[in-house]
2 protein chains.
Amino acid sequence: MEVKITTKPRDTREHILEVAISLFAEQGYSKVSMRNLAKSVGISGASIYHHFPDKQSLYIDAVSHAFSDTAKAMETAFNHTGTPIERLEEFVTCFTELMGNDLDFRKLLHRELLDGDDVRLKLLAERLFIEPFKEVTVLADGLFPNSEPHMMAISIFGLVLFHYETERLRQFLPSTRPEHDQPSTISTHVMQLLTENKAFK
Amino acid sequence: MEVKITTKPRDTREHILEVAISLFAEQGYSKVSMRNLAKSVGISGASIYHHFPDKQSLYIDAVSHAFSDTAKAMETAFNHTGTPIERLEEFVTCFTELMGNDLDFRKLLHRELLDGDDVRLKLLAERLFIEPFKEVTVLADGLFPNSEPHMMAISIFGLVLFHYETERLRQFLPSTRPEHDQPSTISTHVMQLLTENKAFK
DNA sequence: GTCTATAGCCTGATAGAC
DNA sequence: GTCTATCAGGCTATAGAC
């Protein structure tokens with residue numbers, strides 16, 4: 001019985017995707033050329049076209065790949081035991097940590113919010129946000145009876161993400177301090193803002 | 001005494017800038033070509049180079065132009081009479097309205113947050129955000145004594161902007177309703193979230 | 001201040017050898 | 001599955017006539 005040993009049999013595709021994710025995140029779709037991507041991967045430009053039919057398909061595959069990794073991680077952010085307020089706190093803490101550790105994902109997300117067409121936005125919603133969004137909406141419905149759950153859930157995601165989004169801008173605003181970028185500081189701030197709200201009335 | 005009448009003596013530059021703002025906002029720097037911009041303005045590609053030395057300078061001028069318009073409008077968002085809570089409400093309402101009516105500005109802002117270099121971010125901060133940010137920080141310092149004013153101010157801006165940022169994504173999330181995009185709905189929600197907080201303790 | 005023409009480069013994508 | 005060579009077209013920017 002013969003066992004074929006190939007140095008990199010079908011990992012090339014995966015490798016291309018991983019490099020593509022970081023390049024697309026950092027520079028955006030238009031500024032990444034197939035040649036530069038190929039060079040970063042260590043193959044020729046033509047070789048990419050053996051694995052992907054064109055640039056757009058490659059981009060969509062790369063984004064899907066990045067999102068499915070994060071989607072898996074986000075499932076762990078929910079604990080179904082404990083009081084609603086404890087569950088919200090666990091989600092906010094995990095989500096903030098998750099976002100803090102993945103700059104590429106955050107940039108891809110914001111690029112998609114800006115430039116994604118309806119097909120890609122739908123994919124983004126279904127693969128990534130619908131389930132956590134539903135859970136947060138249910139928690140918000142119980143904890144903030146006077147606010148609309150949908151808007152409250154959006155606000156909770158926004159509170160976390162906006163602090164990261166403005167990370168580079170804030171160095172030029174007054175009284176910025178390094179710990180403002182740390183996940184633990186952000187999640188503590190968000191929970192404080194939320195729980196010293198009607199949640200405890 | 002002779003008075004020269006020229007149909008469009010020095011408005012061409014202004015015209016280019018206005019068209020450029022909307023194109024850069026909609027498509028981003030890389031996807032806007034000097035040719036297409038020229039065609040939208042109604043002149044030849046070469047003519048743009050009579051008014052601007054290169055594409056980068058044109059982009060910076062366009063962004064500065066868009067930001068200075070909005071900066072002027074943002075000054076009106078502050079009323080220095082009334083209780084702190086009334087003044088916060090007036091700012092949130094005006095700011096939300098202002099953002100809601102200027103899609104180009106919102107897109108340019110988010111593109112700059114993603115891709116702006118330190119020079120451009122500094123310009124953005126100084127020309128646009130430092131003054132309102134200081135005012136909101138002072139209000140936050142008085143109204144939310146247990147939260148850090150800097151983070152609280154960021155959160156207030158973020159609460160408004162994130163609802164707009166996710167406008168197109170939210171059509172694919174549960175229980176979305178058309179009024180969720182209206183400035184009045186957003187500002188009411190944000191104020192409710194904030195004022196039924198410790199501000200009233 | 002606007003034009004046409006064009007230089008020189010980079011782009012996405014393909015052909016065909018190995 | 002990877003390569004080199006190449007095509008056709010778009011890009012920024014310039015030259016020079018009017």
Ignoring hydrogens and angles, write down the donor-acceptor pairs under 3.5 Å from the side chains of residues 66-73 of chain B, residues two or more places apart or on other chains.
residue: B:S68; atom: OG; partner: B:H65; partner atom: O; Å: 3.2
residue: B:T70; atom: OG1; partner: B:A66; partner atom: O; Å: 3.2

Atom-pair distance ([atom1] on [X]; [atom2] on [N]), nearest Å:
X	N	atom1	atom2	answer
B:D11	C:dT2	CG	P	11 Å
A:F52	D:dT2	CZ	P	11 Å
A:Q56	C:dA13	CD	C1'	14 Å
A:I43	C:dC18	CD1	P	21 Å
B:K55	D:dT14	NZ	C1'	17 Å
A:Y49	D:dA5	OH	P	19 Å
A:L37	C:dA13	CG	C1'	14 Å
B:E14	C:dG1	CD	P	14 Å

Side chain of B:D54: nearest nucleotide among C:dT4, D:dA13, C:dT14? D:dA13
Of all the nucleotides listed (C:dA13, D:dA13, C:dC3), which has the minimum atom distance to the side chain of B:S47? C:dC3
Under a plain distance cut-off of 3.5 Å, with no hydrogens placed, do A:E148 and B:H189 share a side-chain donor-acceptor pair? no
Just to confirm, is there a sub-4.0 Å distance from OP1 or OP2 of [N] to any side-chain nitrogen or oxygen of [X]?
X	N	answer
B:T12	C:dT2	yes
B:S44	C:dC3	yes
B:H51	C:dT2	yes
B:H50	C:dG1	yes

Looking only at non-hydrogen atoms, find the nearest pair between A:S187 and A:T93 and report the distance. CB-CA, 4.0 Å
Interface with DNA chain D, restricted to residues 21-35 of chain A and to heavy atoms under 4.0 Å: A:R35
B:F157 and ring pair (Phe, Tyr, Trp, His ring centres under 6.0 Å): which single residue from B:Y164, B:F162, B:F95 fits? B:F95
Inter-residue atom distance A:T176.OG1 - B:F133.CZ, 0.5 Å rounding: 6.0 Å
Measure the acute angle between the ring planes of A:Y59 and A:F24, then classify it against the limits of 30° and 60° as parallel, tilted or perpendicular. perpendicular
Hey, what's the ring geometry for A:H150 with B:H180, parallel, tilted or perpendicular (30° and 60° as the breaks)? parallel
